[in-house]
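The structure presented is a predicted model; accordingly, all values stated were derived computationally and were not measured. Whatever order the structure lists them in is the order used to number ligands and atoms, beginning at 1. For reference, positions follow the sequence shown, starting with 1.
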Amino acid sequence: MPCSARSHAVAGMIDRLNHPDYDRWATQIKRAGGCRQPIHLRGKVDHYDQATGQLLHHYTTNTEPDGILRVPCKTRRATRCPACAETYRADTYHLIRAGLIGGKSVPETVSTHPCLFVTLTAPSFGTVHVRREKNGKILPCHPRRDAATCPHGQIMSCTDRHSSDDPRLGEPLCPDCYDYEGSVLFNAISPELWRRFTEALRRRFAKLSGLTLKALREQATISFAKVAEYQRRGVVHFHAVIRLDGPDGPDAPPPAWATADALADAVQHAASVVTAEIKPLSRTFRWGTQLDVRRITMTGDLTEQAVAAYIAKYATKAAECVGTLDRRIQPLDDLAALPIREHARHLIAACMRLGALDDLAELRLIQWAHMLGFRGHFSTKSRRYSTTLGALRAAREEHMKESEITTGRLPLFDEDTVLVIAHWAYAGQGLSAGDQLLAAAITGTRLPSAGGGAR
Ligand SMILES: [Zn+2]
Ligand SMILES: [Zn+2]
Ligand SMILES: [Zn+2]
């Protein structure tokens, strides 16, 4: 922070501290849970007695500090707001875990259902620098004794043992040979490839069991929860929990013939056969050959705890971990001047180029260029996997409402007899520089390194 900006921030902080409504402001900030970029709401809530029409209670933001209520931004992206991303991560963890061992309205008996942890990878779009380990030793990247020389004069070999923070990791050995277009197109089509995989899996599992799809549905269901993870090379992988249940979901076990081994066979088959085509370019995409299928058990190598933690960790990461931007590319952005990795720049350029083609408009590659073409959801689950993030949030908000009532801010109303009329409007987002300093001190959170001010 430059000197003048810092003195401005300190002045703002002193203003806030000396303001008569400082205590109320501090309460708002604490209740927003350390959110770095709280949403500002302006509005009012009126509680009426339904029988008499009498106004029982009136709340307005007019009397709040700055005339606004500050609520958490609820982002899942740690680069934007560490506090809200941590809430999201914890919620995701509980949601995945409930699907593995029960809890949050899922019965504990779900832990006896056959369950797999599956990683579906992207295919290769060219040789990139990698870090490989074997028995605790780091192996050379791509050692080739009789390595070919590519048309651009690059010898396709690398004998370096890359450290984990080597910026070359994920970068192509020859950028001119690399299929950037293929890479972003794969990201763009990967949600469709996933959807087809789940369909093919159900079909294959039915066939292995000697049943029609309809007959299978009457005996067993296959539930999913998955997250997308960006590889250093800029393509997404999917990590998924795949579980067998009875016909109505986790409440009942699947029939005895529906085993983890049969499910694993069906996964192997489905992953190897599904394709998705980008017709205007006559390009067909499939999963990479590296497929990892492992059983989740309560006690073995891969426990439910490890899986839930793993999935939750990726739920808060996005493409910026690959060295791209955490915001959309704007039409006036100078691509060459953006502070991003060269590899990401090439991938974004491929998105901009392909996104301009009318035939590919539905892939929305320009809007999702900063995500390197991927526009799917980061974490998804099938309806019957477990509870939803919305339900977890509703439970938390209910708890907060209770605390408001018990601390005397709201009288205890009977929901059935009281009519609540609320009007809310968005009034901005973020904290001023001075407020940021104070909020960090109050909530014990880190300050953003740059930007992040009031917008
Ligand atoms: Zn936040
Ligand atoms: Zn290398
Ligand atoms: Zn080359």
- In this structure, the Zn ion (ligand 2) sits at the vertex of an angle between SG of C141 and NE2 of H162 that rounds to 10° as 100°
- Item | N/O/S atom of C158 inside 2.8 Å of the Zn ion (ligand 2), strictly under | yes
- Among side-chain atoms of T121 and H237, is any donor-acceptor pair under 3.5 angstrom? no
- Message: Nearest 10°: the angle subtended at the Zn ion (ligand 3) by C174 SG and H152 ND1?
- Response: 110°
- Item | Angular separation of C150 SG and C177 SG about the Zn ion (ligand 3), given to 10° | 110°
- Message: Checking one value in my table: which N/O/S atom of H129 lies closest to the Zn ion (ligand 2)?
- Response: ND1
- Task: Give, for atom CG of D160 and atom CG of L139, the distance between the pair rounded to the nearest 0.5 Å.
- Result: 13.0 Å
- Hey, are the side chains of W25 and I442 touching, using non-hydrogen atoms and a 4.5 Å cut-off? yes
- Task: Indicate yes or no: at least one non-hydrogen side-chain atom of T149 is less than 4.5 angstrom from one of M156.
- Result: no
- Which angle, to 10 degrees, forms at the Zn ion (ligand 1) with SG of C73 on one side and SG of C81 on the other? 110°
- Item | Enclosure of D334 CG (heavy-atom neighbours >12, cutoff 6.0 Å) | yes
